[in-house]
Amino acid sequence: MSPRVLPTVLATALIGGLLAAAPADATESHQRPIRLLGEKIVPNALPFQGTTVGGLSSIDYDPRTGGYALICDDRSAINPARFYTATFPVSADGVGDVTFTGTKPLLRPDGTPYPPLAKNDPSLPQNEQTIDPEELRVDPWTGDYYWSQEGERTATTLIDPSIREARRTGEYVRDLPIPANEKMTPTAGPRQNLVLEGITFTGFGSLLASEVEGPLLQDGPEPTTTSGALSRITLQSRFGPVLAQYAYPQEPLFAAPVPPTAFATTGVSSMLAVDQADPTKFLMMERSFSTGVGNKVRVYEIDTKGATNVLNVKSLADAKHVKPVKKRLLFDAADLGLSTVDNLEGMTWGPKLPNGERSLILVSDNNFSATQVTQFVALAVPSERL
């Protein structure tokens with residue numbers, strides 16, 4: 001059996017068991033005991049190796065180095081689209097300073113950096129066009145990187161979102177297939193800037209899960225202050241084949257903007273497997289912002305067991321018998337005692353603590369704004385509670 005056949009068989013077995021599993025008990029929504037280990041704020045507009053640090057949209061622990069890999073969501077407007085590596089010491093007694101150790105541009109198949117949006121050439125293949133980077137994960141098998149980007153939807157431009165594999169040098173390897181319903185068309189597919197915000201490995205690295213930040217156009221309207229929405233989680237083999245999709249029930253917008261006509265948004269900004277041995281349980285970060293009110297960031301634990309496979313369901317808005325994933329609140333960032341709750345967008349499991357607790361590391365995207373911060377947060381999570 002070839003090296004690629006075995007993981008596919010394993011993935012099929014895992015997903016088969018997942019779909020056949022009996023529904024678990026009804027979930028609760030409650031605050032779990034979470035302990036803040038510490039936080040560090042990186043100076044705004046920090047220069048590093050010819051780049052400006054900011055826009056950190058994801059973070060992932062790299063067991064090969066004991067450090068972290070972080071993607072930057074700069075669309076090559078300030079510097080070429082890129083990722084960083086950094087160290088952030090975490091212990092039961094607190095956290096140390098953030099030290100950036102490297103940065104490299106993400107590269108196109110021809111070996112060049114991605115162009116800024118203003119210089120995008122629609123005549124090129126889509127994997128050569130501009131990108132909107134959002135999440136990066138370290139491959140547990142090879143140490144290389146898998147990363148997601150949101151594409152583009154305007155009146156004149158449609159660029160599909162994607163999940164791509166890259167070497168640790170940033171060199172392009174390949175695009176993974178995405179479900180047809182996540183591709184941009186004039187009337188269906190993802191909304192602008194509400195696409196592939198999160199990816200995570202599971203099933204001992206044989207599977208890749210991803211989530212769409214907001215509901216697809218065909219799946220109904222965005223959340224409001226009075227109603228939530230259904231977005232989609234996709235599970236696929238690390239080698240490409242899409243295996244299943246699940247409906248994720250998003251919370252309503254936490255507050256109306258001030259004034260009511262001002263900007264507000266909400267959606268899922270990161271996804272993380274609870275345990276590599278269990279391909280059914282994940283953490284989902286829901287991040288909201290309302291002008292004049294601020295940010296609300298909550299992390300939920302979800303379970304896909306017993307949920308309907310909606311891969312072939314054309315519209316969740318019209319589906320009458322779809323059972324979404326179960327979810328319960330793990331924590332609200334407002335309850336952690338942070339100096340500020342900024343635009344938290346990334347999360348990863350960090351090193352295990354001596355007392356058996358797991359460290360959970362969060363990072364915020366400052367949008368390269370002088371009024372926001374790049375914030376690293378370390379939490380202690382009792383492992384027996386997950």
Side-chain angles (χ1 to χ4, degrees), residues 3-4 7 48-51 55-60 62 64-65 67-86 101-153 157-180 182-184 190 195-201 205-210 234 236-242 271 346:
R4 290 189 172 229
F48 179 75
Q49 294 186 0
T51 72
L56 301 182
S57 192
S58 77
I59 185 169
D60 203 34
D62 187 346
R64 288 164 175 79
T65 66
Y68 299 88
L70 307 104
I71 207 166
C72 170
D73 68 3
D74 179 4
R75 304 187 68 175
S76 296
I78 299 172
N79 306 117
R82 60 201 177 278
F83 63 90
Y84 291 92
T85 55
T101 58
T103 183
K104 292 184 183 301
L106 295 161
L107 300 178
R108 299 188 286 181
D110 66 0
T112 62
Y114 287 91
L117 181 60
K119 295 184 178 179
N120 186 58
D121 183 352
S123 69
L124 294 174
Q126 287 214 338
N127 60 14
E128 299 276 352
Q129 296 187 47
T130 187
I131 55 170
D132 186 0
E134 289 299 344
E135 186 133 82
L136 180 150
R137 294 294 180 190
V138 179
D139 183 348
W141 288 10
T142 68
D144 286 340
Y145 299 138
Y146 281 56
W147 58 280
S148 65
Q149 65 91 25
E150 295 195 283
E152 180 74 7
R153 176 187 289 280
T157 303
L158 293 176
I159 301 175
D160 290 335
S162 66
I163 299 174
R164 291 178 181 159
E165 182 182 358
R167 304 294 184 210
R168 292 172 77 93
T169 59
E171 178 186 356
Y172 174 93
V173 177
R174 64 178 178 134
D175 277 48
L176 273 68
I178 62 170
E182 292 183 4
K183 294 184 177 181
M184 298 285 191
V195 202
L196 291 175
E197 279 271 343
I199 59 175
T200 185
F201 283 97
S206 67
L207 302 172
L208 190 76
S210 59
T234 299
Q236 65 191 114
S237 162
R238 62 175 285 119
F239 297 118
V242 175
M271 181 179 189

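Just so you know, residue 1 is the first one in the sequence shown, and it goes up from there. As the structure is a prediction and not an experimental result, all values here were calculated from the model.
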For the side chain of R75 and the backbone of I131, is there at least one donor-acceptor N/O pair under 3.5 Å apart? yes

Output yes when a side-chain donor or acceptor of E128 lies under 3.5 Å from a complementary backbone atom of D121, and no otherwise. no

Here the gap from T142 atom OG1 to R168 atom CZ, rounded to the nearest 0.5 Å, amounts to 8.5 Å

For T65 and G67, indicate whether the former's side chain and the latter's backbone hold a donor-acceptor pair under 3.5 Å. yes

The reported gap from CG in L70 to CZ in F83 (rounded to nearest 0.5 angstrom) is 10.5 Å

Value for CD (E134) from CD (E197), rounded to nearest 0.5 Å, stands at 3.5 Å

With rounding to the nearest 0.5 Å, note down the distance linking CG in N127 to CD1 in I159. 11.0 Å

Side-chain touch L176/Y146, heavy atoms, less than 4.5 angstrom: yes

Rounded to the nearest 0.5 Å, what separation is found between the CD atom of E152 and the CE atom of M184? 7.5 Å

Check: L136 main-chain N/O paired with S58 side-chain donor or acceptor under 3.5 Å: yes

In terms of heavy-atom contacts, Y145 and A69 come closest through CE2-CB, 4.0 Å

Measure from the side-chain N and O atoms of N120 to the backbone N and O of T130, and report whether any donor-acceptor pair falls under 3.5 Å. yes

Can you give me the closest heavy-atom contact between Q129 and Y114, atom names plus distance? O-CD2, 3.1 Å

So, R238 side chain and L207 main chain: donor-acceptor pair closer than 3.5 Å or not? no

Residue that, paired with Y84, satisfies side chain to side chain donor-acceptor pair (under 3.5 Å) out of T51, T101, T103: T51

Between D132 and E150 (side chain of the first, backbone of the second, donor and acceptor by atom type, cut-off under 3.5 Å), is there such a pair? no

Given side-chain contact (heavy atoms from CB on, under 4.5 Å), test T234 with I178 step by step and report yes or no. CA-CA 9 Å; T234 299; I178 62 170; over 6 Å; no

Set of residues satisfying side-chain hydrogen bond (donor to acceptor under 3.5 Å, both in side chains) with respect to R153, sequence neighbours excluded: none

Does the side chain of E165 reach to within under 4.5 Å of the side chain of L208, using non-hydrogen atoms? no

Quick one, V195 and E182 - any side-chain contact, counting heavy atoms below 4.5 Å? no

If I compare all heavy atoms of A166 with all of D144, which pair ends up nearest, and what's the gap? O-CB, 3.3 Å

Check for a donor-acceptor pair, side chain of R64 on one end and backbone N or O of D62 on the other, with a separation under 3.5 Å. no

Heavy-atom closest pair, residues V242 and P177: CG2-O, 4.2 Å

Heavy-atom check, side chain of P113 versus side chain of L106, under 4.5 Å: no

With side chains defined as the heavy atoms from C-beta onward, is the minimum distance between Q236 and P179 less than 4.5 Å? no

Look up atom CG in L56 and atom CG in D73, then write down how far apart they are to the nearest 0.5 Å. 8.5 Å

Which atom of P161 lies closest to which atom of P190, heavy atoms considered: CG-CG, 4.3 Å

Quick one: list whatever passes side-chain hydrogen bond (donor to acceptor under 3.5 Å, both in side chains) with Q126, sequence neighbours left out. none

How close do R164 and S162 get, counting heavy atoms only, and between which atoms? NE-OG, 3.2 Å

Looking only at atom types and distance, does a side-chain atom of S148 sit under 3.5 Å from a main-chain N or O of L196, one as donor and one as acceptor? yes

Looking only at atom types and distance, does a side-chain atom of R137 sit under 3.5 Å from a main-chain N or O of G198, one as donor and one as acceptor? no

